[in-house]
Chemist: 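Here you go, one structure.
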Amino acid sequence: AIIALTTPVLTAALHTAFVAALVYVPELQVAAVPFDMDPRVICVLAIVAGYGLQDVSHWIFCEKTYMDSYMGSNPSMLIIHSIWLMPLVIDCILMRWCFLPKVVTRNRNVYVPVASKESVDTLRKWVHDNIPESKETTHVWPHKQEATTGPVKALENDSAIYAAFRKVFAAKHFDVRPIQGMNEIYVTAVGAKKAINSDAVFYTPHVDGPWWFFPGASCYRLLVGVTPNQMVRTRFNLQHDSEDKVLGMYDALGFDYNRELHWIDHVPGVKNTERRTVVKLHYVVYPKGWTWYGNLVAHCNTTYNTWARGNFLKTLRPKGMYENVMAWWIWLTTWFNAMFEEYIGWSNVVYVAFAYMLGPLPFLLLTSFRHYVVYMTTFAFREPQVAHGYLMRDAKFYKTLALMQLGRRLLPLVVLPRDVVGVLMATAGFSITMLATARLGFVRTYFGSELGFVKPKWITGFPYGYIAHPMIVGQLLAYSSILYWWRADLTFETVALIATHMTFYTAHMIQEMLFSATK
């Protein structure tokens, strides 16, 4: 009663439901108790273990416990803390929207003018005086000569760059520090774009490093424009086109070295009057206080970068069959990895593999409805900026898996010509959805207007203007037709699967009706 009267209504209701479940749900019968211990002893040990693991987690994440804030000055607070601990946990989860915003993939690129402009000027003059023109790109390791190490260190610690990082990685949660061993000064080649050598990789969509699987940590490559540039554009396959950047002098552009798919091309009809020069800075981002983990991530990326740099230089001017084969191999593996990342994604492969290992039913559930979670959480939590390419890739990938799961159950039931009418009814529904998608285009289909990437546009061609919410209505019509026509053949599991699809579509349609305002 005290908790119900002193906490928010929803928190109180959930806490009451939790306590009622503990009281009224039948006690679980444990088949085997280790060492034949008394249940009361087990309860005591569980409480001790809970407190111990809680303190261990605080130690791991370098956080002070709430108990530490009052035990020295007001020990009686322990009673109040214990009474309101569960409501506090529930309230924290609700305040964070049950962590659903974490499902949304955000744009984590950084773009900012540097504050250390004099360092850029110094490097520009040094390159002009010391780097002769070449038909291949030139790569200089800045910390190996005194003239460049000072300006580059100043850029490494640039206040504007750190402020940009802090907009993405909060200071209370993450540490950010430079990785000097990966830095370089890059000077572009003179003349036309070359055939297959290592320079061709820059014009091919690619991810720089292989260490995408380190959880909670990132290695960032940050490009600083040293010369004026209007011609060369950096593009990101898994971001919206509006996020492509022409890196000018004094501009800094940062992206995840191991996760962000990118490449460069030339702005049509534009030429530079000076060789394009950029400084490539690198940073490791890791959970606050986890210095050992940051060191591990930095070491792995530095080691790989050194190895890749050696292969790159060997194939910059390929001579003989071996070096030419190596140049082609680098280009082909780069291209294959880029295509795989753009249309499937290594993180999605891990998710699907994990779901598969859990067994048939978890695999079915975790791969049939994931795309609805992607749709609805993105629609609900639009800030910070969404990575639009990741949204489209993941939604298409998981919807394809969901349709494969359905097709595996439904296609064996189709008998022609008996089921021609049923097939035509379902096809009509899916056709409405596909035609609506064609009318909108993929960008608007995946909330391009709502997320602010494109301007809202009034669509009047059929099915718009005739059917409200035609994409979702088409799906509902198709699934209703399947349930009706094959009602005698469908198993309970398949009916439940289709009904759940229809429920998610209906919920998302209501969400769009209530919250469809654009940014």
Chemist: To the nearest 0.5 angstrom, please state how far the NE2 atom of His388 sits from the CD atom of Glu243.
Modeler: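 Separation between the atoms: 11.5 Å.
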Chemist: Roughly how far apart are His282 NE2 and Thr302 OG1, rounded to 0.5 Å?
Modeler: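 It comes to 9.0 Å.
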Chemist: More than 12 foreign heavy atoms under 6.0 Å from CZ of Phe213: is that the case here?
Modeler: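 Above 12, so yes.
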Chemist: Is there a side chain to side chain contact (heavy atoms under 4.5 Å, CB included) between Gln385 and Phe453? Walk through the geometry before answering.
Modeler: CA-CA 10 Å; Gln385 188 183 71; Phe453 293 115; 4.0 Å; yes
Chemist: Should we count CE of Met77 as having more than 12 external heavy atoms under 6.0 Å?
Modeler: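 Yes, enclosed.
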Chemist: Could you check whether any side-chain heavy atom of Val207 comes within less than 4.5 Å of a side-chain heavy atom of Glu260, counting everything from C-beta outward?
Modeler: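 No - every pair of side-chain heavy atoms lies 4.5 Å or more apart.
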Chemist: Nearest 0.5 Å please: distance from the NE2 atom of His501 over to the OG1 atom of Thr503.
Modeler: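 Here the rounded value is 10.5 Å.
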Chemist: For the backbone of Ser449 and the side chain of Arg444, can you confirm whether one donor and one acceptor N or O come within less than 3.5 Å of each other?
Modeler: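 No: the side chain of Arg444 does not pair with the backbone of Ser449.
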Chemist: Crowded around Phe340 CZ? As in, over 12 foreign heavy atoms under 6.0 Å?
Modeler: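 Enclosed: over 12 neighbouring heavy atoms sit under 6.0 Å from CZ of Phe340.
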Chemist: Under 6.0 Å between ring centres: does that hold for Phe379 and Phe515?
Modeler: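 Not under 6.0 Å, so no.
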Chemist: Kindly indicate, with the supporting measurements, whether the criterion side chain to side chain contact (heavy atoms under 4.5 Å, CB included) is fulfilled by Arg393 and Tyr343.
Modeler: CA-CA 6 Å; Arg393 181 197 70 183; Tyr343 295 106; 5.5 Å; no
Chemist: Got Phe504 and Met376 here, is their nearest side-chain heavy-atom distance under 4.5 Å?
Modeler: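 Answer yes - side chains close enough.
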Chemist: When Val285 is tested against each of Asp256, Val168, Val176 for side chain to side chain contact (heavy atoms under 4.5 Å, CB included), which residue passes?
Modeler: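 Option passing the side chain to side chain contact (heavy atoms under 4.5 Å, CB included) with Val285: Val176.
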Chemist: Would you say the side chain of Asn337 lies within less than 4.5 Å of the side chain of His206, judging by non-hydrogen atoms?
Modeler: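 His206 does not reach Asn337 side chain to side chain.
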Chemist: Going through the distances and angles, do Phe381 and Trp97 end up as a ring pair (Phe, Tyr, Trp, His ring centres under 6.0 Å)?
Modeler: CA-CA 10 Å; Phe381 307 107; Trp97 293 94; 5.7 Å; yes
Chemist: Taking the side chain as every heavy atom from C-beta outward, state whether Ile90 and Thr7 have any pair of such atoms under 4.5 Å apart.
Modeler: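 With C-beta onward as the side chain, the pair stays apart.
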Chemist: Donor-acceptor pair, Asp251 side chain versus Leu247 backbone, under 3.5 Å?
Modeler: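 Flag not set: sc Asp251 to bb Leu247 has no pair under 3.5 Å.
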Chemist: Ring pair (Phe, Tyr, Trp, His ring centres under 6.0 Å) between Phe369 and Tyr398: does it pass, once the steps are laid out?
Modeler: CA-CA 8 Å; Phe369 310 116; Tyr398 286 110; over 10 Å; no
Chemist: In Å, rounded to the nearest 0.5 Å, how long is the span from CZ of Arg108 to CZ of Phe255?
Modeler: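 Result: 12.5 Å between the selected atoms.
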Chemist: Kindly indicate whether a cation-pi arrangement holds for Arg166 with Tyr162, taking the cut-offs as under 6.0 Å to the six-membered ring centre and within 45° of the axis.
Modeler: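 Ring-cation test returns no.
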Chemist: Please step through side chain to side chain contact (heavy atoms under 4.5 Å, CB included) for the pair Arg221 and Asn305, ending with a clear verdict.
Modeler: CA-CA 11 Å; Arg221 168 164 282 177; Asn305 186 69; 3.6 Å; yes
Chemist: Can you tell if the side chain of Trp212 reaches within under 4.5 Å of the side chain of Val350, non-hydrogen atoms only?
Modeler: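 Touching, per the 4.5 Å side-chain cut-off.
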Chemist: Is there a side-chain contact between Leu497 and Leu406 in this structure, where contact means two heavy atoms from C-beta onward sitting under 4.5 Å apart?
Modeler: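 Side chain of Leu497 against side chain of Leu406, heavy atoms only: contact under 4.5 Å found.
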Chemist: Only one of Asn109, Asn107, Leu261 forms a side chain to side chain contact (heavy atoms under 4.5 Å, CB included) with Phe236, so which one is it?
Modeler: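 Per the side chain to side chain contact (heavy atoms under 4.5 Å, CB included) rule, the option paired with Phe236 is Asn109, out of Asn109, Asn107, Leu261.
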Chemist: Report yes or no: do Asp175 and Trp290 form a side-chain donor-acceptor pair below 3.5 Å?
Modeler: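 Their side chains do not contain a donor-acceptor pair, so the 3.5 Å distance test is not met.
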Chemist: With a 6.0 Å cut-off (strictly less than), is the heavy-atom count around CZ of Phe99, excluding the residue itself, greater than 12?
Modeler: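 Correct, the count exceeds 12.
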Chemist: For Phe214 and Tyr293, take the angle between the two ring planes, folded into 0 to 90°, and tell me which bin it lands in: parallel under 30, tilted 30 to 60, perpendicular over 60.
Modeler: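 Judged by the thresholds at 30° and 60°, the geometry between Phe214 and Tyr293 is perpendicular.
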Chemist: When you measure from the centre of the six-membered ring of Phe442, is the NZ or CZ of Lys396 closer than 6.0 Å and no more than 45° off the axis?
Modeler: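 Positive - Lys396 is close enough to the ring of Phe442 and near enough to its axis.
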Chemist: Side-chain contact, heavy-atom cut-off 4.5 Å: Pro470 with Thr433?
Modeler: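 Heavy-atom side-chain distance check fails, nothing below 4.5 Å.
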Chemist: Hey, are His508 and Gln511 close enough side-chain-wise for a donor-acceptor pair under 3.5 Å?
Modeler: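 The criterion, which ignores hydrogens and geometry beyond distance, is satisfied for His508 and Gln511.
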Chemist: Please test Tyr286 against Asn295 for side chain to side chain contact (heavy atoms under 4.5 Å, CB included), starting from the C-alpha separation and ending with a verdict.
Modeler: CA-CA 9 Å; Tyr286 55 93; Asn295 290 339; over 6 Å; no
Chemist: Return yes if a side-chain donor-acceptor contact under 3.5 Å exists between Asp419 and Trp486, otherwise no.
Modeler: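 Yes, because at least one side-chain N or O of Asp419 sits under 3.5 Å from a partner of the opposite role on Trp486.
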Chemist: Would you say that Leu451 contacts Leu391 through its side chain, given a criterion of any heavy-atom pair below 4.5 Å between the two side chains?
Modeler: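 Yes, side chains in contact.
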Chemist: I would like to know whether Tyr220 and Tyr283 meet ring pair (Phe, Tyr, Trp, His ring centres under 6.0 Å); could you show each step before the answer?
Modeler: CA-CA 5 Å; Tyr220 262 70; Tyr283 297 83; 8.4 Å; no
Chemist: Tell me if a side-chain donor or acceptor on Arg370 pairs with a main-chain N or O of Thr367 at a distance below 3.5 Å.
Modeler: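 A pair under 3.5 Å: no.
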Chemist: Applying the side chain to side chain donor-acceptor pair (under 3.5 Å) criterion to Thr11, which one of Thr16, Thr6, Asp91 satisfies it?
Modeler: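 Exactly one option meets the side chain to side chain donor-acceptor pair (under 3.5 Å) with Thr11, and it is Asp91.
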Chemist: Take atom CG of Leu416 as the centre, draw a 6.0 Å sphere, and report whether it contains more than 12 heavy atoms from other residues, nucleotides or ligands.
Modeler: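 Yes, CG of Leu416 has more than 12 neighbouring heavy atoms, counting only those of other groups under 6.0 Å.
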Chemist: Check Glu341 with Arg259, please: is the shortest side-chain N to carboxylate O separation under 4.0 Å?
Modeler: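 Salt bridge: no.
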Chemist: Tell me whether the count of non-hydrogen atoms from other residues, nucleotides or ligands lying under 6.0 Å of CH2 in Trp335 goes above 12.
Modeler: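 Result for CH2/Trp335: open.
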Chemist: Is a side-chain N or O of Trp211 found less than 3.5 angstrom from the main chain of Cys300, in a donor-acceptor match?
Modeler: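 Between the backbone of Cys300 and the side chain of Trp211 there is a qualifying donor-acceptor contact (under 3.5 Å).
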Chemist: Return the OG1 to OH distance between Thr500 and Tyr505, rounded to the nearest 0.5 Å.
Modeler: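 Taking OG1 in Thr500 and OH in Tyr505, the distance rounds to 13.0 Å.
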Chemist: Which value, rounded to the nearest 0.5 Å, describes the distance between Tyr375 atom OH and Asp394 atom CG?
Modeler: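 Rounded to the nearest 0.5 Å, the OH-CG separation comes out at 11.0 Å.
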Chemist: Do other residues, nucleotides or ligands put more than 12 heavy atoms under 6.0 Å from Arg40 CZ?
Modeler: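 No - once you tally the heavy atoms of other residues, nucleotides and ligands closer than 6.0 Å, there are 12 at most.
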